[in-house]
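Below: one structure, written as structure tokens.
Just so it is clear, the model here is predicted, and its values are computed rather than measured.
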Amino acid sequence: MKIAINTGGGDAPGLNAAIRSATLSAISRGWEVVGIKNGYGSIYTDQPFIPLTAERVRGITMQGGTILGTANRGNPFEMPYQKSDGGWDLEDRSDEAVDVFRRYGVEALVAIGGDGSMRIANRLSKKGVNVVGVPKTIDNDIWGCDVSLGFDTAVTTATEAIDKITTTAESHHRIMVVEVMGRYAGWIALHSGLSASADVILIPEIEFSLDSISKKIMEKEARGETYSIIVVAEGATEREGSRFVKGKVIGQAEQLGGVGEYLEKELSEMTGKEARSLVLGHLQRGGTPSTYDRLISLRYGAAAVRALEDQDFNKMIVMQQNRIKRIPLSDVADKMKLVPLDSDTILTAKEIGINLGE
Ligand code: F6P
């Protein structure tokens, strides 16, 4: 058996552990393993694959990022290209990718990625590529999977940052707004905000009202609590408002950002208090993976190879109630795991007095 591994979408702590585990599990079965560089990028070059050997993956479990490189704009079905007039457009180059797999004798693909990568994997599977997906995203929004690799480390990074900001907020009697990642789902904001004792947590699943937030701040003020911590997901929106978009590049999802700055300005005017905002941004995707992320990444990588061995193709490896399972890729594509508003985490936040912007 000859298999290829790729990593797609934003990087996340744990990717290298998954690459190592899938590589070693395959080698131990006598298989040959190659890597695709930069998402699907290298497929379209004269060196489509690099060999992945035991030596190549030694010592990478604890390294952040991905030794294969990744890309947020390299969908084989929508590849950006420059037109003769200098403008940009998208073209479908998926047949070329399938042909390269065939020519190089690659019989199966382990696709490590988020929702976008699983959509691509599902479409490739329909073209005859044998795929097994491994769920990765710090946003933790992949449908059907309790936890994706990268989430635990990102939440820990965000929690520690909010803890540090709190001392300044308290010393200066300020409102501090921390903008965290979370494009469609508020998992990072909710888990880090709750763990770091934020006063207000704003997630994409609940539209926020500025009146509600400023009321919370002023109630605290009346009790002599002269600072407030607000944690907001980048994808959060105001009631009847739209998402805060910073930019858009062809072939890539909109770049979000700006909601923290907006809250800083508006809340400062509404409350008369000094407010500051901070965007944690890519800090949350970097660094050494936590023990938990290393472990699930290793387990996901090995489970993907087990699925290939069973010829159980076109599945995604998932964690459900602490058990590794396989679910059809077609079930995952085009769905999203949002924070359930009746979850006990949401109830806990409300019951201990956290304002969710409602
Ligand atoms: O999907 C993970 C994520 O970190 C999102 O939260 C964020 O919107 C996006 O990636 C940012 O991607 P990029 O690094 O391409 O701007």
Side chains of T159 and S192 only: does a donor on one sit below 3.5 Å from an acceptor on the other? no

Can you give me the closest heavy-atom contact between P13 and G286, atom names plus distance? CG-O, 3.8 Å

Check the hydrophobic clustering (I, L, V, M, F, W, Y; side-chain heavy atoms under 4.5 Å; chains of links allowed) and say if L24 and M1 are grouped together. yes

ring-ring contact (aromatic ring centres under 6.0 Å, His included) pairs, two or more places apart, involving residues 333-358: none

Please identify each residue that fulfils side-chain contact (heavy atoms from CB on, under 4.5 Å) with R102, with sequence neighbours left out. V98, D99

Going by the angle between their ring planes, with limits at 30° and 60°, are F49 and Y104 parallel, tilted or perpendicular? perpendicular

Qualifying salt bridge (Lys or Arg N to Asp or Glu O under 4.0 Å) pairs with a residue from residues 190-199, counting only residues at least two apart or across chains: D199-K220

Consider only side-chain heavy atoms of I, L, V, M, F, W and Y, link residues closer than 4.5 Å, and tell whether I162 and V200 are in one cluster. no

How would you list, by chain and number, every residue that makes a side-chain hydrogen bond (donor to acceptor under 3.5 Å, both in side chains) with D95, sequence neighbours excluded? K127

Is E219 salt-bridged to K216, going by a charged N under 4.0 Å from an acidic O? no

Run the side-chain contact (heavy atoms from CB on, under 4.5 Å) test against A185 and tell me which residues pass, sequence neighbours left out. D141, W187, E205, L338

Indicate if L308 and V106 have the same hydrophobic cluster label, given that clusters are the connected sets of ILVMFWY residues with side-chain heavy-atom separations under 4.5 angstrom. no

Show every salt bridge (Lys or Arg N to Asp or Glu O under 4.0 Å) that has at least one partner inside residues 243-258, sequence neighbours left out. R243-E254

For residues V231 and L267: do they belong to one hydrophobic cluster (side chain heavy atoms under 4.5 Å, members Ile, Leu, Val, Met, Phe, Trp, Tyr)? no

Residue pairs meeting salt bridge (Lys or Arg N to Asp or Glu O under 4.0 Å), one or both in residues 151-175, sequence neighbours left out, come to R174-E274

Beyond-backbone contact of Y227 with M176, side-chain heavy atoms, under 4.5 angstrom: no

Hey, could you give me each pair passing side chain to side chain donor-acceptor pair (under 3.5 Å) that has a residue in residues 68-82? Not counting sequence neighbours. none

Could you give all pairs that pass the ring-ring contact (aromatic ring centres under 6.0 Å, His included) test and reach residues 278-317, with sequence neighbours left out? none

Listed by chain and number, what are the side-chain contact (heavy atoms from CB on, under 4.5 Å) partners of A12, not counting sequence neighbours? K136, I138

State yes or no: do Y40 and V34 share one hydrophobic cluster built from I, L, V, M, F, W and Y residues joined by side-chain heavy-atom distances below 4.5 Å, directly or via other members? yes

Is there a donor in the side chain of D211 and an acceptor in the side chain of S209, or the other way round, less than 3.5 Å apart? no

Is atom CZ of R323 surrounded by more than 12 heavy atoms (other residues, nucleotides or ligands) closer than 6.0 Å? no

Do the side chains of E264 and R276 get close enough for a salt bridge, i.e. N-O under 4.0 angstrom? no

Return each pair, listed once, that meets salt bridge (Lys or Arg N to Asp or Glu O under 4.0 Å) where at least one residue sits in residues 282-294; pairs must be two or more places apart or across chains. D11-R285

With a 3.5 Å cut-off and sequence neighbours excluded, list the donor-acceptor pairs that the side chains of residues 349-358 form with protein atoms.
from	atom 1	to	atom 2	distance (Å)
N355	OD1	G357	N	2.5
N355	ND2	S212	O	3.3
N355	ND2	S212	OG	3.0

